[in-house]
Amino acid sequence: MARLRLYDTLTRETREFEPRAPGIARVYLCGPTTYDAPHVGHARSALAPDVLVRRLRRHGYQVTYVRNVTDVDDKILARARERGEAPLELSARMAGVYQEQMRALGCLDPEVEPRVSQHLPEIVALVSALIAQGHAYELEMPGGTHDVYFAVRSFAGYGRLSRRKLDDLVAGARVERDDSKRDPLDFALWKGAGRDEWGWESPWGWGRPGWHIECSAMSEKHLGFGFDIHAGGMDLVFPHHENEIAQSEAAHPGCGAMASYWLHNGFVNVDKEKMAKSLGNFVTVSDVLERNDPEALRAFLLGVQYRGPVQFDTEKLADGRVVFPGVDEAERRVDYLYAAERRLRDAFGGAMTVPAKLPPELLATRDAVSAAAKAGDEALDDDLNTPVALASLGEIARLGNELADLAWKRRKDAGFVGAASVVARSAHVALRRLADDLGLLRAPAEEYAARTRQRRLSRRGLREADVAARVLARDEARRQRDFTASDRLRDELSAAGVTLRDGPLGTEWSLEP
RNA sequence: GGCGAGGUAGCCAAGCGGUUAGGCAACGGUUUGCAAAACCGUCACACGCCGGUUCGAAUCCGGUCCUCGCCUCCA
């Protein structure tokens, strides 16, 4: 197996993954601040590390995957006040939604999902250590409370990740002058708060941790200082990850880098603009899952390499409902993959006489399947190139269909069918393996068909029994070769969104996404 | 202003120095009572624009136009 290659934001190069400890990979993802339901952008940032973790496991690494939840934050406080809810109650509820929806999208559960509210002692200890080492200082604020700031100029490497020069940052119009801080770029490690406010006790009085310190404290707690891969959205490069590096590495002088690889996923754009809560143009995961299957959203997002931007188009129907054409397209593709998988699995059942030698056309199919499987595997090793892997998966499915067609045409030739079944079995294994690497085709094909059928029926206001009865009536007319009647019934069904397929084993029906 | 990403055939999207990426749509064909599905083929010698390097560039270099992002909360 080839080596896994990853693009590292810090060095701006793609290089082979080298674990710090042989056979072990430690991954940290900056998860969401849970004040609201996750949107499609959050899904994408969880998906990229999920594919990474699957890949690392495929390479035999024992992976520890930590995905944090920021459950202490001013936005949470503000939202909780609006709702008259306790902040931690709100954030716990939203964290639950996030976890449940990421699971629905096929993201493997992380080993640890740490929360800020459960790591106050670690945060306080880290801030204290930074003060002791002269990297941070305490300031009394006008209200009598105390803040602690990180002194960016005390850390020589500041700006390396985002390639920013301190003086450029100061020159930037958006840095607010705050004369109380030693340097306008210094950022808060601890923000003092009034006794009646949400907070915790600390050596600097009552207050809450700053935004960046929690990831330094939690990654160290669960992975130790100096781990393999740190992931997150592009927007976290500066200041969040820059600040994490400063805090963590300043606290561990002479211990090397905080992380060996920094992976940053691109955004999900709506009408060419970044999807963001602040812009109000976001589509929640629930919005999509109301209409589409979770695997469709997953396939859609994996259709673009994780670092590039994803265009998420929305379309308003005449009746006011909003649909997602790209996800619909991906869903049809998932239908296709499941159908092919099912054919490969089922169409060759029964005892077969296995020939000693495969006919040449089957030999070619077998080789083509191997080539596609290899291409998909190599694509994933090349900085998680999921679009190419998806194309390879489609190629295997196509070859499987071709094989099934061929076997059907020559069904009277037992020797050929036996040989085809041997090839089909290996194609099925290849399909399943690559699908697993992508986190697709996770359900039995029947279950997928049933759940998508139910959703599509209810969206159209149809009842399964009614449709089945009409299909049966049409089948009856057809059997009596009354094609005028059967075609009329089929047209009616088609107008209702039901597509019929007359096969050798009877008529099947399905609904478009 | 500083830093960064990107512009690929109707649409989505790989490739990043030399052999067809792939998907969707559209249109032919095989198949079918007719369809659908599946399979085959066409659309596709496409790569923002102008120069340069090279035997050869979508891929490298220089310039230029446009889009987007970060620098404030953001995945």
Side-chain angles (χ1 to χ4, degrees), chain A residues 9 12 29-33 35-36 38-49 70 73-75 78 159 162-165 167-176 185 211 231-240 242 264-269 272-279 282 299-300 303-305 307-311 313 325-326 328-330 332-333 335-336 339-340 343 372 375 379 382 385-395 397-406 408-409 478 481-484 486-487 490-491 494 498-504 507-510:
Chain A
T9 305
R12 310 272 164 112
L29 170 71
C30 282
T33 299
Y35 65 102
D36 209 341
H39 58 60
V40 177
H42 294 109
R44 191 178 192 206
S45 80
L47 233 46
T70 299
D73 179 273
D74 287 355
K75 289 189 295 296
S162 56
R163 309 257 159 139
R164 281 165 160 85
K165 295 190 190 81
D167 296 331
D168 291 343
L169 283 168
V170 179
R174 283 164 149 184
V175 173
E176 218 174 291
L185 295 172
W211 174 37
M234 296 258 282
D235 48 356
L236 298 184
V237 174
F238 189 90
H240 187 58
E242 193 71 71
H264 292 99
N265 65 273
F267 297 123
V268 175
N269 294 334
K272 296 209 162 187
E273 231 181 12
K274 174 186 171 185
M275 179 183 289
K277 293 195 173 160
S278 53
L279 290 170
F282 60 93
F300 171 76
V304 182
Q305 205 267 351
R307 285 193 283 125
V310 168
Q311 295 305 328
D313 292 326
D328 284 347
E329 186 185 320
R332 276 181 228 111
R333 200 65 191 150
D335 284 358
Y336 170 84
R343 272 184 101 183
D382 183 16
N385 194 332
T386 51
V388 169
L390 227 34
S392 300
L393 189 65
E395 170 80 358
R398 203 205 90 230
L399 289 162
N401 281 324
E402 188 181 70
L403 191 62
D405 282 356
L406 204 59
W408 175 254
K409 272 184 195 140
R478 185 166 167 266
R481 303 197 69 78
D482 181 356
F483 295 122
T484 316
S486 81
D487 287 356
R490 185 175 61 195
D491 288 346
S494 168
V498 181
T499 308
L500 298 185
R501 265 193 303 285
D502 299 323
T507 300
E508 290 183 5
W509 59 276
S510 61

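Per chain, numbering begins at 1; letters A, B, ... match sequence-line order.
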Rounded interatomic separation in angstrom, taking CG from Leu406(A) and P from A37(B): 21 Å

Flag side-chain contact, heavy atom, 4.5 Å: Val304(A) against Arg44(A): yes

Rounded P spacing from G48(B) to C3(B) in Å: 24 Å

C1' spacing across the pair A44(B) / C27(B), given as an integer number of angstrom: 14 Å

Watson-Crick or G-U wobble partner of U19(B), both distances under 3.5 Å: none

For G51(B), the Watson-Crick or wobble counterpart (both distances under 3.5 Å): C61(B)

Integer-rounded Å distance: A75(B) C1' and Asp235(A) CG: 5 Å

Sugar-phosphate, base or nothing in reach of Phe238(A), heavy atoms under 4.0 Å: sugar-phosphate

Atom P, compared across U59(B) and C49(B): separation rounded to whole Å: 10 Å

Sugar-phosphate, base or nothing in reach of Asp502(A), heavy atoms under 4.0 Å: base

Counter-base of A9(B), judged by Watson-Crick or G-U geometry with both distances under 3.5 Å: none

Ring-on-base stacking A75(B) with Phe267(A) (under 5.5 Å, under 30°): no

P spacing across the pair A5(B) / U19(B), given as an integer number of angstrom: 27 Å

C45(B) to G10(B) separation - P atoms, rounded to the nearest Å: 13 Å

Identified pairing partner of U72(B), criterion: Watson-Crick or G-U wobble below 3.5 Å: none

Interatomic distance, Asp482(A) CG vs G33(B) P [rounded to whole Å]: 16 Å

For C27(B), the Watson-Crick or wobble counterpart (both distances under 3.5 Å): G41(B)

Base-pairing assignment for G56(B) (Watson-Crick or G-U wobble, both under 3.5 Å): none

Spacing of the C1' atoms in C47(B) and G6(B) (rounded, Å): 13 Å

Euclidean distance for C1', U53(B) against C71(B) (whole angstrom): 36 Å

Heavy-atom side-chain proximity of Arg163(A) to Arg12(A) below 4.5 angstrom: yes

For G33(B), the Watson-Crick or wobble counterpart (both distances under 3.5 Å): none

Nearest-angstrom distance, C1' atom, U54(B) to G17(B): 9 Å

Sugar-phosphate, base or nothing in reach of Arg501(A), heavy atoms under 4.0 Å: base

Sugar-phosphate, base or nothing in reach of Glu395(A), heavy atoms under 4.0 Å: nothing

Rounded interatomic separation in angstrom, taking CG from Asn401(A) and C1' from A37(B): 9 Å

